[in-house]
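In what follows, a structure is listed as structure tokens, so that the remarks can point back to it.
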Amino acid sequence: QVQLVESGGGLAQPGESLRLSCTASGTGNYFSMFVMGWYRQAPGKQRELVAVILSGGIRDYGEEVKGRFTISRDNAKKTVYLQMNNLKPEDTAIYYCQGRYTKGADVYWGQGTQVTVMS
């Protein structure tokens with residue numbers, strides 16, 4: 001079974017940066033064929049897409065984070081990253097890592113990591 005584990009969350013002040021990591025296991029040699037993404041959910045709000053990166057490297061971002069966040073991946077390490085710059089209080093949420101195998105239909109989720117932005 002595929003497992004995704006997030007790390008790197010924590011407390012940051014407005015304007016600071018955090019880097020989230022999501023490491024996969026159970027993927028064998030197929031990690032490069034996974035579409036990977038980051039989602040977040042804040043209290044009282046629906047879960048929303050933050051960023052996605054395809055197996056070929058194409059990236060897409062939610063409108064609220066464009067220009068501030070960058071998603072990347074290291075297939076050798078089976079890890080996807082989310083570099084978050086110029087953090088705002090509105091970025092406070094639980095951030096979840098998602099993986100989807102392009103040759104199948106299953107979707108996998110990590111346990112989430114808390115990001116809190118406040119003075």
Side-chain angles (χ1 to χ4, degrees):
Q1 180 66 241
V2 173
Q3 289 186 311
L4 305 175
V5 179
E6 303 98 332
S7 63
L11 177 65
Q13 294 184 334
E16 293 184 340
S17 299
L18 286 174
R19 189 195 194 200
L20 306 183
S21 298
C22 171
T23 299
S25 63
T27 59
N29 295 321
Y30 299 98
F31 179 78
S32 62
M33 302 173 69
F34 277 71
V35 175
M36 302 298 299
W38 289 95
Y39 291 74
R40 68 185 183 185
Q41 186 165 21
K45 295 186 177 182
Q46 297 184 150
R47 185 168 56 190
E48 64 179 6
L49 173 69
V50 176
V52 63
I53 183 167
L54 306 184
S55 60
I58 298 174
R59 304 169 183 179
D60 197 13
Y61 299 90
E63 288 297 323
E64 295 181 351
V65 307
K66 282 185 177 179
R68 298 188 297 120
F69 291 8
T70 302
I71 188 171
S72 61
R73 66 193 297 163
D74 186 334
N75 289 334
K77 296 181 178 179
K78 297 181 175 62
T79 300
V80 62
Y81 305 94
L82 184 68
Q83 179 67 44
M84 304 185 294
N85 295 330
N86 192 24
L87 284 164
K88 303 176 180 180
E90 301 83 71
D91 297 319
T92 296
I94 301 176
Y95 284 71
Y96 297 93
C97 179
Q98 184 201 68
R100 182 183 178 93
Y101 184 47
T102 58
K103 301 300 181 181
D106 293 337
V107 178
Y108 306 94
W109 292 92
Q111 82 288 350
T113 184
Q114 177 71 48
V115 172
T116 302
V117 184
M118 62 181 298
S119 299

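Counting from 1, the numbers follow the sequence of the chain as shown. Here the structure is a predicted model, which means the values were calculated and not measured. Values reported hereafter were calculated over all heavy atoms of this structure, with side chains retained and with hydrogens, waters and symmetry mates removed.
Once rounded to the nearest 0.5 Å, the distance linking OG of Ser72 with CZ of Arg19 reads 6.0 Å. Atom-to-atom distance recorded for Arg73:CZ and Ile71:CD1 is 8.0 Å, nearest 0.5 angstrom. Rounded to the nearest 0.5 angstrom, Ser55 OG and Tyr30 OH are separated by 14.5 Å. Thr27 contributes atom OG1, which lies 5.0 Å from atom NZ of Lys78 (distance to the nearest 0.5 angstrom).
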Worksheet entry | Test log, rule side-chain contact (heavy atoms from CB on, under 4.5 Å), inputs Leu4 and Thr23 | CA-CA 6 Å; Leu4 305 175; Thr23 299; over 6 Å; no
Item to complete: Could you give me the CA-CA distance, side-chain angles and deciding distance for Glu90 and Lys45, then say whether salt bridge (charged side-chain N to carboxylate O under 4.0 Å, His left out) is met?
Response: CA-CA 11 Å; Glu90 301 83 71; Lys45 295 186 177 182; over 6 Å; no
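When only modelled atom types and interatomic distance are considered, Ser17 and Asn85 share a side-chain donor-acceptor pair under 3.5 Å. Side chain to side chain, Gln111 and Glu6 meet the donor-acceptor criterion of an N or O pair below 3.5 Å.
Residues Arg59 and Thr70 form a side-chain contact, since some pair of their non-hydrogen atoms from C-beta on lies under 4.5 Å apart. Residues Pro14 and Lys88 form no side-chain contact, since every pair of their non-hydrogen atoms from C-beta on lies 4.5 Å or further apart. Within the 4.5 Å cutoff, the side chain of Leu20 has heavy atoms near those of the Thr113 side chain. Val65 has its side chain within reach of Arg40: a pair of non-hydrogen atoms, C-beta onward, lies under 4.5 Å apart.
When the ring pair (Phe, Tyr, Trp, His ring centres under 6.0 Å) test is applied to Tyr81, no partner is found at least two apart in sequence or on another chain. With sequence neighbours left out, the side chain to side chain contact (heavy atoms under 4.5 Å, CB included) criterion links Thr102 to Met33, Val35.
Annotation: ring pair (Phe, Tyr, Trp, His ring centres under 6.0 Å) contacts involving residues 34-68, sequence neighbours excluded, comprise Phe34-Tyr101, Tyr39-Trp109.
Residue Val52 is grouped with residue Ile94 when hydrophobic side chains (ILVMFWY) are merged at heavy-atom distances under 4.5 angstrom, including chains of intermediate members. Criterion: ILVMFWY side-chain heavy atoms under 4.5 Å apart, direct or through other members. Under it, Met36 and Leu18 are part of a common hydrophobic cluster. Using a 4.5 Å cut-off between side-chain heavy atoms of Ile, Leu, Val, Met, Phe, Trp and Tyr, with links allowed through other members, Val115 and Phe69 fall into the same hydrophobic cluster.
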